[in-house]
Q: 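Handing you a structure now.
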Number of protein chains: 2
Amino acid sequence: MLYRQLTLKDIAKELNTSVSTVSRALKDHHSISPEMKKKVNDLASRWDYHPNPTALSLLKNKHYTIGVVVPEIAQNYFSIVMEGIEDAANQAGYHVMFCLSKEILQREINVVNTLLNNRIDGLIIAPSKETVSHEHLDCIVNRGMPLIFIDRYCEAVPASRVLGDDYNGSFSAVEHLILTGRKRIAHIAGPETLSNSNPRLSGYLDALKKHRIPADKELIVHCDLTQASAIDCINRLIGLKKLPDGILTYNSSIAFQVMPVVKEKGLKIPEQIAFVGFANEPIISYIEPQLTTVIQPAYDIGWEAVNLFLDQQADEDYAATPKTKILPTQLVIRGSSVKSSALHAGLRHA
Amino acid sequence: MLYRQLTLKDIAKELNTSVSTVSRALKDHHSISPEMKKKVNDLASRWDYHPNPTALSLLKNKHYTIGVVVPEIAQNYFSIVMEGIEDAANQAGYHVMFCLSKEILQREINVVNTLLNNRIDGLIIAPSKETVSHEHLDCIVNRGMPLIFIDRYCEAVPASRVLGDDYNGSFSAVEHLILTGRKRIAHIAGPETLSNSNPRLSGYLDALKKHRIPADKELIVHCDLTQASAIDCINRLIGLKKLPDGILTYNSSIAFQVMPVVKEKGLKIPEQIAFVGFANEPIISYIEPQLTTVIQPAYDIGWEAVNLFLDQQADEDYAATPKTKILPTQLVIRGSSVKSSALHAGLRHA
DNA sequence: AATATTTACGCAATCCATTGCGTAGAAGTC
DNA sequence: GACTTCTACGCAATGGATTGCGTAAATATT
């Protein structure tokens with residue numbers, strides 16, 4: 001029952017002329033008389049004519065559509081990234097095809113392949129934690145289609161990347177813990193398959209090294225991002241003979257899941273254990289105690305990814321030289337790492 | 001530099017046959033010899049041939065794409081709705097075009113119009129708070145294209161709706177406050193232009209009426225969803241001579257913004273003022289005090305919206321009879337409305 | 001007056017897959 | 001031998017917009 005869309009042919013028939021004349025009249029081609037142009041344009045605007053985008057896509061092999069694949073958007077981080085992507089895309093006249101991988105490699109492969117079959121002009125992706133193979137991504141690069149990694153990337157795939165500054169974010173967080181007197185700092189790290197777990201771990205280790213605190217393997221545990229794993233991690237840490245006095249968590253979700261366990265154990269935050277996490281949720285200001293966080297530039301990551309895509313579109317040879325943009329993080333110190341009295345007293349160090 | 005996609009013509013040329021024979025061979029048409037079918041299919045799978053979706057779209061006027069327009073996804077609710085939509089669409093072999101209106105009517109009109117020009121098979125939308133005119137939506141219905149409202153709707157537009165049970169959610173929240181002894185219950189309501197503000201207000205009023213508590217106009221304030229407005233609302237309420245002892249907020253964002261103001265004023269939650277809000281964030285369990293919430297079936301709203309779309313696709317005459325699905329909400333009682341001691345003592349009433 | 005140039009338009013191919021129709025040759029029927 | 005039927009394929013149109021090329025007619029040039 002769909003009403004057929006208005007076409008050039010309809011206009012041509014109405015005016016007793018040819019399709020090509022109508023087309024050229026609308027594009028202000030020099031070989032069309034002013035009177036004809038007026039007739040065509042009048043009718044087109046009266047009938048609210050718009051060229052059929054599907055026909056244009058077929059003709060130009062251009063879709064004004066960017067594919068986006070993220071693992072989830074239930075947590076705050078990727079939903080803000082999506083807002084950045086949508087705003088930038090919208091401004092540039094592009095549409096966004098939105099897909100979830102749910103951290104499952106097979107689903108990621110499926111959505112990438114269906115997206116790829118010529119409906120999109122480029123792909124922005126945060127690979128799943130399972131993404132160790134990457135034929136489905138190589139395939140995009142081989143086609144010469146713009147591919148932009150956000151937040152996470154596959155080392156072996158030669159494509160542009162827009163990342164948060166995980167290393168320095170982590171470094172400054174741990175240094176903050178050290179400067180506020182913590183001696184035994186643990187790290188609940190992300191999955192080793194995720195590209196951003198490593199720089200966060202390195203930042204942690206280097207901050208310790210700078211302050212001559214020996215790293216202790218017991219204090220580094222890896223979480224696979226499930227709740228069970230998070231609980232397991234914290235239990236291992238608070239089961240140690242020598243308890244940690246500070247913990248850096250890979251993300252906010254882990255922090256939220258483990259902090260109650262620590263509280264129930266009777267340990268006081270921040271007095272006995274300080275917490276810092278990578279996190280973006282504004283609600284964080286309302287939890288008790290408020291979580292000290294490394295804030296990631298989520299919106300800008302999305303925005304910049306679209307810009308990189310647009311640059312790459314514009315430049316034929318761009319694909320040969322992938323770019324990496326690393327956007328600064330920001331440490332916001334709150335009650336989970338420093339007693340609020342101290343906070344109010346202005347203990348905030350640079 | 002984009003590699004040209006493989007076409008029927010390529011296969012036909014390789015096998016010295018015609019495009020139509022290749023097409024029919026791939027579709028197992030009866031008029032093609034088994035030998036030819038084998039040759040074609042072998043080559044097609046060797047070359048990993050896939051029909052060009054754009055050409056199919058043009059031919060069939062079908063896109064396997066659903067447009068989705070929501071005001072934002074930074075807050076938890078719509079991002080969960082989006083997850084429901086994406087899962088259901090993915091399962092049905094559909095793609096999702098994702099757009100934000102940012103609560104701005106003009107932007108909503110723009111994205112709807114660009115989506116509409118024949119790239120999508122249907123539209124799922126949560127109208128912006130500014131959406132009082134609706135030509136851009138009528139236009140969809142007139143075309144016979146499936147249109148599904150989620151969470152909010154335009155009264156005058158004859159389209160299907162998938163909504164949370166705002167009325168009963170609100171009613172049970174207010175009744176809970178009454179049953180736990182509150183006498184003077186306020187409501188920070190949503191914008192009057194939003195379709196779900198009204199049933200939430202009605203639920204509030206009817207719960208009061210049922211328990212013979214007179215409604216007091218002073219206790220009903222409308223928030224336009226900006227932070228400034230939320231602060232203004234709470235200031236009006238706590239500036240009253242007779243303070244409210246319970247507050248129902250239109251959404252979680254308002255609750256988070258106003259609870260600190262109440263605390264700063266030295267008022268104790270829940271002892272002096274109880275709070276209940278419509279909200280979904282899992283993090284809510286970590287704020288202090290934990291917010292009693294009416295949980296909306298966000299994921300299911302998204303899922304059901306896609307199902308309604310699919311039904312409507314399947315049935316030619318469906319558009320004539322729009323459906324409304326109202327999905328149940330759930331009241332979860334936490335510390336913001338009842339002292340935790342009481343909670344633990346099992347005060348939870350049915 | 002004859003040729004060159006400009007004006008103003010239409011035809012047909014292009015992108016790609018699908019499909020109604022036509023047609024060749026082979027096989028079968030009376 | 002003349003007819004129908006079946007097999008196996010190709011042609012061309014379809015969907016919609018664009019564009020190179022061709023071609024009338026109307027001016028301009030010499």
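Sequence lines set the chain letters: A, B, ... in the order given, protein chains first and strands last, and positions in each chain run from 1.
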Q: Taking the six-membered ring for Trp, are B:Y94 and B:F309 parallel (under 30°), tilted (30 to 60°) or perpendicular (over 60°)?
A: perpendicular
Q: Whole-Å distance between C:dA8 C1' and A:L15 CG?
A: 15 Å
Q: Name the residue closer to the 5' end of DNA chain D, choosing between B:V22 and A:V19 according to the nucleotide with the nearest heavy atom.
A: B:V22
Q: Could you give the CG-to-C1' distance, from A:N16 to C:dA8, as a whole number of Å?
A: 16 Å
Q: Take atom CZ of B:R24 and atom P of C:dT18, then tell me their distance rounded to the nearest Å.
A: 11 Å
Q: Is there a side-chain contact between B:K9 and the phosphate of C:dC15, meaning an N or O under 4.0 Å from OP1 or OP2?
A: yes
Q: How close or far is atom C1' of C:dC16 from atom NZ of B:K60, stated in whole angstroms?
A: 13 Å
Q: In whole Å, what is the span from the CG atom of B:N61 to the P atom of C:dA17?
A: 18 Å
Q: Pick the closest DNA chain D nucleotide for B:L58 and for B:E35 by heavy atoms, then say which residue is nearer the 5' end.
A: B:E35
Q: Could you give the CD1-to-C1' distance, from B:I11 to C:dT18, as a whole number of Å?
A: 15 Å
Q: Provide, to the nearest angstrom, the distance between the NE2 atom belonging to A:H29 and the C1' atom belonging to C:dC9.
A: 11 Å
Q: Enter the inter-axis angle for the ends of the helix from C:dA1-D:dT30 to C:dC30-D:dG1 (five pairs per end, rounded to 10°).
A: 70°
Q: Does anyone know the first and last nucleotide of DNA chain D in reach of chain B, 5' to 3', at under 4.0 angstrom to a heavy atom?
A: D:dA8 to D:dG16
Q: Looking at every non-hydrogen atom in both residues, tell me the closest pair between B:L194 and B:S128 and how far apart they are.
A: CD2-O, 4.1 Å
Q: Using a strict threshold of under 4.0 Å (side-chain N to carboxylate O), is an ion pair present between B:E103 and B:R152?
A: yes
Q: Is there a side-chain contact between B:S23 and the phosphate of C:dT19, meaning an N or O under 4.0 Å from OP1 or OP2?
A: no
Q: Closer than 4.0 angstrom, basic N to acidic O: yes or no for A:K102 and B:D87?
A: yes
Q: Tell me whether A:E72 contacts the main-chain N or O of A:Q75 through its side chain, where contact means a donor paired with an acceptor under 3.5 Å.
A: yes
Q: Just the rounded figure in Å: distance from C1' of C:dC16 to NE2 of B:H50.
A: 16 Å
Q: Less than 4.0 angstrom from a charged side-chain N to a carboxylate O is my criterion; do B:R46 and B:D42 meet it?
A: no
